[in-house]
Amino acid sequence: MTPDEIIQRRVARELHPGTLVNLGIGLPTGVAQYIDPNAGILFQSENGIVGMGSRPPEGMEDEELTDAGGIFTTAVPGAATVDSTFSFGLIRGGHLDATVLGGLEVDEHGHLANWVVPGKMVPGMGGAMDLVSGARRVIVAMQHTAKGRPKIVPECKLPLTSTRRVTLIVTDMAVIEPTDLGLILLERAPGVEVGQIVAATSARLGVPDYVPEMAFAG
């Protein structure tokens, strides 16, 4: 499996039938391909889709059907399109069971930074702040390091998306839960040793005596 597939398949296990879930643009959107379309999970996209499907096969794209990142997507039977007011009403009103978002940094407090790198142009800040504040569960799906540098850090240096603590961090190396006691290592990726995870994490990390290997969806 590629690093992205490890993350997407592991995140897919966190999503349950009968729930409404937002998938952030980029890596998180790929989680949909590992969910059974008959599983009863509805994906919401803040640009106005309730019932978003996976990416269409090449040649089957509909130029009027894209996700929040402008990437071609599909809609499942029974899907609805709504305006921005309704879409953000779902998010801000606390009606999302979960959101899966990418991350630039997550710190020891479970705070996420993912919406801007100072000095770089931002085409639009999107709905990340609303999603982190409004969804019942916030799952961060990201690579464990970037160009060899840890992305799980003692304090975020980038501007925070929210001061709310995220629910779970899933990387290509580990599953980590932010808690009142700090970050706790829950699982390790296949072939990855605990020592490698600790070395690639600059934040303090609680390590239980036994850390099982990840299991995957699909």
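Since this is a predicted model, take the numbers as computed values, not measurements.
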(request) Could you walk me through whether Glu155 and His109 pass the side-chain hydrogen bond (donor to acceptor under 3.5 Å, both in side chains) test, one step at a time? (result) CA-CA 8 Å; Glu155 293 279 349; His109 311 289; 2.9 Å; yes
(message) With heavy-atom distances below 4.5 Å as the criterion, would you say the side chains of Ile35 and Phe43 are in contact?
(response) yes
(message) Under a 3.5 Å threshold, yes or no: a donor from one side chain and an acceptor from the other, between Asn114 and Thr161?
(response) yes
(message) Just verifying a value: how many Å separate Leu112 CG and Leu104 CG, rounded to the nearest 0.5 Å?
(response) 8.0 Å
(message) Between Leu90 and Val50, is there a side-chain heavy-atom distance shorter than 4.5 Å?
(response) yes
(message) Within the structure provided, determine whether Leu186 and Ile176 are in side-chain contact (heavy-atom separation under 4.5 Å).
(response) no
(request) Taking Thr29 for its side chain and Gly24 for its backbone only, find out whether a donor-acceptor pair lies under 3.5 Å. (result) yes
(request) May I ask you to test the Val170-Val11 pair for a side-chain heavy-atom distance under 4.5 Å? (result) yes
(request) Hey, could you give me the CD/CZ distance between Glu5 and Phe216, rounded to the nearest 0.5 Å? (result) 8.5 Å
(message) When you group the ILVMFWY residues by side-chain heavy-atom contacts below 4.5 Å and let the links chain together, are Leu183 and Val211 in the same group?
(response) yes
(request) Provide the closest heavy-atom pair for Val21 versus Ile41 in the form atom of the first, atom of the second, distance. (result) CG2-CG2, 4.0 Å
(message) Main chain of Ile152, side chain of Glu105: is a donor-acceptor contact present, judged purely on distance under 3.5 Å?
(response) no
(request) Quick one: closest heavy-atom pair of Pro28 and Val100, and the distance? (result) CB-O, 3.4 Å
(request) Rounded to the nearest 0.5 Å, what's the gap from OG1 on Thr99 to CG on Leu20? Could you check? (result) 10.0 Å
(message) Nearest 0.5 angstrom please: Ile49 CD1 to Thr73 OG1, how far?
(response) 5.5 Å
(request) Kindly state each residue pair satisfying side chain to side chain donor-acceptor pair (under 3.5 Å) with at least one member in residues 164-186, sequence neighbours excluded. (result) His144-Thr171, Arg165-Asp180
(message) Within this structure, what is the CZ-CG distance for the pair Arg137 and Leu168, rounded to the nearest 0.5 Å?
(response) 6.5 Å
(request) Decide yes or no for Lys151 and Val106: does some side-chain heavy atom of the first lie under 4.5 Å from some side-chain heavy atom of the second? (result) no
(request) List the steps and the verdict of side chain to side chain contact (heavy atoms under 4.5 Å, CB included) for Met142 and Ile7. (result) CA-CA 7 Å; Met142 67 178 190; Ile7 297 167; 5.9 Å; no
(request) Can you see which heavy atom on Phe72 is nearest to which on Asp62, and at what distance? (result) CD2-O, 3.4 Å
(message) Whether Glu61 and Arg55 form a salt bridge (side-chain N of Lys/Arg under 4.0 Å from carboxylate O of Asp/Glu) is what I want to check.
(response) no
(message) Could you tell me if Gln143 and Asp4 have a donor-acceptor pair between their side chains, going purely by distance under 3.5 Å?
(response) yes
(message) Do Val153 and Leu205 sit in one hydrophobic cluster, given that two such residues count as connected whenever their side-chain heavy atoms are within less than 4.5 Å of each other, even indirectly?
(response) no
(request) Indicate if Phe88 and Leu131 have the same hydrophobic cluster label, given that clusters are the connected sets of ILVMFWY residues with side-chain heavy-atom separations under 4.5 angstrom. (result) yes
(message) With a 6.0 Å cut-off (strictly less than), is the heavy-atom count around CZ of Arg136, excluding the residue itself, greater than 12?
(response) yes
(message) Nearest 0.5 angstrom please: Ile139 CD1 to Leu23 CG, how far?
(response) 9.5 Å
(message) Minimum heavy-atom separation for Ala141 and Leu27, please, with both atom names.
(response) CB-CD2, 3.9 Å
(message) Could you report the tightest heavy-atom contact between Ala39 and Pro17, atom names first, then the distance?
(response) O-CB, 3.1 Å
(request) Walk me through it: do Met214 and Val175 pass the test side chain to side chain contact (heavy atoms under 4.5 Å, CB included)? (result) CA-CA 8 Å; Met214 290 182 191; Val175 178; 3.9 Å; yes
(request) Grab the two heavy atoms, one from Met173 and one from Ala200, that are nearest each other, plus how far apart they are. (result) SD-CB, 3.9 Å
(request) For the residue pair Met129 and Ser162, establish whether any side-chain heavy-atom pair is separated by less than 4.5 Å. (result) no
(message) Closer than 3.5 angstrom, by distance alone: can the side chain of Thr19 be matched with the main-chain N or O of His16 as a donor-acceptor pair?
(response) yes
(request) Could you go through the side chain to side chain contact (heavy atoms under 4.5 Å, CB included) check for Thr66 and Ile71 one step at a time? (result) CA-CA 5 Å; Thr66 68; Ile71 304 299; 5.9 Å; no
(request) Output yes when Glu213 and Arg188 qualify as a salt bridge under the 4.0 Å nitrogen-oxygen rule, no when they do not. (result) yes
(request) Check whether any side-chain heavy atom of Val31 sits under 4.5 Å from a side-chain heavy atom of Leu15, and report yes or no. (result) yes
(message) Going by side chain to side chain contact (heavy atoms under 4.5 Å, CB included), Leu185 matches just one of Val198, Val194, Thr201. Which one?
(response) Val194
(message) Using the rule that Ile, Leu, Val, Met, Phe, Trp and Tyr join whenever any side-chain heavy atoms are under 4.5 Å apart, tell me whether Tyr34 and Ile25 fall into a single cluster.
(response) no
(message) Donor-acceptor pair, distance only, cut-off 3.5 Å: does the side chain of Trp115 make one with the backbone of Ala128?
(response) no
(request) Go through Gln44 and Met52 one step at a time and tell me if the side chain to side chain contact (heavy atoms under 4.5 Å, CB included) criterion holds. (result) CA-CA 6 Å; Gln44 184 259 8; Met52 182 176 67; over 6 Å; no
(request) Could you tell me whether the side chain of Glu46 reaches within less than 4.5 Å of the side chain of Asp130, counting heavy atoms only? (result) no
